[in-house]
Amino acid sequence: MVHSPLAIDSKLATVGTTIFTVMSKLATECGALNLAQGFPDFQAEPELFDATLAAMRSGRNQYPPMTGVPELRAAIGEKVAALYGVYYDPEDEITVTAGATQALFTALAAFVRSGDEVIVFAPAYDSYVPAIETVGGRAVHAELVFPDYKPDWDAVRALVTPRTRMIIVNSPHNPTGSLLEVADLDALAELTRDTGIVVLSDEVYEHIVFDGAQHASVAAHAELATRSLVVSSFGKTYHITGWKIGYVVGPAALVGEFRKVHQFNVFTVNTPCQIGIAEYMRDASRHLRLAAFYEHKRDFFRNELRASRFDLLPCRGSYFQLARYSGISERPDVDFAQWLTREVGVAVIPVSAFYADARDDHVVRFCFAKQEATLAAAGEKLRRI
Ligand code: PMP
Ligand code: GLN
């Protein structure tokens, strides 16, 4: 141990360890089924590994271009064009990142100056607010209105000031599974028109939308796309959260600013995995079938919980299912999540972790990106309480 005598004035004084790490650690310690942190407990397809290994063996192991390997940027451009009808130029409008988390952080660092305001919707994915604060910005919270978790655009409009630099949106939404509709994007376009506000759209679950819904990408919105950066993650799409590879697309003027920071942040992302993904994603069915794949898991898990005392909220996208537990316990959600992990053997995430003021509606989040055997084993335990 090395003791430091420094009196540290923390930039993130109220931030502890992320709830995902805390709950995964507790799940491991207790031997609980981990339906807390969002990652699949099944393998990606061998073709992805074969393509990556082939890239390594053929000598593609040195630094790739700062912006990402050309094959992968081209594949991303084609995918986005096919899905959303807009062509981003791989040369100056697409950058490969070390996961969505880095893309979001770098985007904030590129545009937010000290004292600038960034509007986020609560409940908000846990990295947004610490990232805003690290770069000297101030998070301003709009609300996704419980229990539908829809934005109230009049309320958002009232939060816009001359200091508003960015607005972060996330659809399909983590943790709630709600979706933004085209009408929401119209409202967002209207309130950011002629303002200089940059929209940062976190679309890591873009392929996981259910019941025939279409993902309303900001990229597909002709007006919004001109002032937006859109972020996605291969971790979610190809069952490889541990590879930490994602991307950002946007108009050249925005991506140019992004790259100025990106090059001194991570510089670039490991070469062989980028090539493996580029090769693998040539077959579009691999991302197009994701919605049906996860819809089946959602339905399976909801069915498992039907005879339980949990009250399931709607899940329109993502791989998260929210549930109210008021029929079981009056405990605060953090206590309830710990109790469920320790005593019942199923780890979950308390939704208060996604609120700056720790608002507690007695709701927990289950991740259903799991094998049916895992979901069935969890269902059995959860029906007993
Ligand atoms: N945004 C949201 C909404 C997420 O759920 C996650 C978790 N995957 C991320 C960003 C971060 O993605 P990555 O693992 O690619 O950094
Ligand atoms: N995105 C994942 C989730 O919501 C967790 C990622 C992480 O642990 N940082 O569970």
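For ligands, and for the atoms within them, numbers begin at 1 and follow the listed sequence. The figures that follow rest on heavy atoms only: side chains count, while hydrogens, waters and symmetry mates do not.
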Aromatic plane relationship, Phe234 with Tyr247 - under 30° parallel, 30 to 60° tilted, over 60° perpendicular: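 If you compare the ring of Tyr247 with that of Phe234, the planes turn out tilted.
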
Full working for side chain to side chain contact (heavy atoms under 4.5 Å, CB included) between Trp153 and Glu190: CA-CA 10 Å; Trp153 291 108; Glu190 195 260 323; over 6 Å; no

Would you check if [X] and [Y] make a side-chain contact, meaning some heavy-atom pair closer than 4.5 Å?
{"X": "Pro64", "Y": "Val269", "value": "no"}
{"X": "Thr106", "Y": "Thr97", "value": "no"}
{"X": "Gln214", "Y": "Val182", "value": "no"}
{"X": "Ile277", "Y": "Leu48", "value": "yes"}

Sub-4.0 Å heavy-atom contact, Tyr205 with ligand 1: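 Right, Tyr205 reaches ligand 1.
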
Carboxylate-amine/guanidinium proximity below 4.0 Å for Arg302 and Asp299: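 No, no charged N to carboxylate O under 4.0 Å.
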
The one among [options] that brings a heavy atom closest to [atom]:
{"atom": "atom 8 (O) of ligand 2", "options": "Lys236, Arg365, Gln37", "answer": "Gln37"}
{"atom": "atom 7 (C) of ligand 1", "options": "Tyr247, Tyr125, Tyr128, Phe320", "answer": "Tyr125"}
{"atom": "atom 13 (P) of ligand 1", "options": "Gln102, Lys244, Lys236", "answer": "Lys244"}

Within-cut-off N or O pair, Thr18 and ligand 2, under 3.5 Å: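 No, no N or O pair falls under 3.5 Å.
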
Ligand 2 N/O within reach of Phe20 N/O, cut-off under 3.5 Å: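 By distance alone, the answer is no.
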
Location of contacts on Asn174 toward ligand 1, heavy atoms closer than 4.0 Å: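 Asn174 to ligand 1: side-chain contact only, backbone stays beyond 4.0 Å.
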
Region of Asn170 that comes within reach of ligand 1 [heavy atoms, distance under 4.0 Å]: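 For Asn170, the contact with ligand 1 is made by the side chain alone.
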
Distance filter under 4.0 Å to Gly99 heavy atoms, resulting ligand 1 atoms: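 Counting atoms of ligand 1 from 1, those under 4.0 Å from Gly99 are 15 (O), 16 (O).
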
Atom indices of ligand 1 within 4.0 angstrom of Ser233 heavy atoms, with elements: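 So the answer, numbered in order with elements, is 13 (P), 15 (O).
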
Distance-only polar pair, side chains of His296 and Glu372, donor-acceptor under 3.5 Å: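 A pair is found: one side chain offers a donor N or O, the other an acceptor, under 3.5 Å apart.
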
Member of Lys236, His215, His173 meeting the side-chain hydrogen bond (donor to acceptor under 3.5 Å, both in side chains) criterion with Tyr205: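 Among the candidates, only Lys236 passes.
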
For [atom], grab the closest protein heavy atom and report residue, atom and distance to one decimal in Å.
{"atom": "atom 12 (O) of ligand 1", "result": "Ala100 CB, 3.4 Å"}
{"atom": "atom 11 (C) of ligand 1", "result": "Thr101 OG1, 3.2 Å"}
{"atom": "atom 2 (C) of ligand 1", "result": "Asp202 OD2, 3.3 Å"}
{"atom": "atom 9 (N) of ligand 2", "result": "Tyr125 OH, 3.6 Å"}

Test log, rule side chain to side chain contact (heavy atoms under 4.5 Å, CB included), inputs Val96 and Ile245: CA-CA 7 Å; Val96 178; Ile245 302 186; 3.8 Å; yes

Ligand 2 contacted by Phe39 (non-hydrogen, < 4.0 Å):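 The answer is no: ligand 2 sits nowhere under 4.0 Å from a heavy atom of Phe39.
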
Phe366 and its ring-ring contact (aromatic ring centres under 6.0 Å, His included) partner, picked from Tyr325, Phe301, Phe320: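 Testing each of Tyr325, Phe301, Phe320 against Phe366, the sole residue satisfying ring-ring contact (aromatic ring centres under 6.0 Å, His included) is Phe301.
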
Heteroatom distance test (Leu104, ligand 1): nitrogen or oxygen, under 3.5 angstrom: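 Such a contact does not occur with ligand 1.
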
Structural part of Asn174 in contact with ligand 2, heavy atom criterion under 4.0 angstrom: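 The answer is the side chain.
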
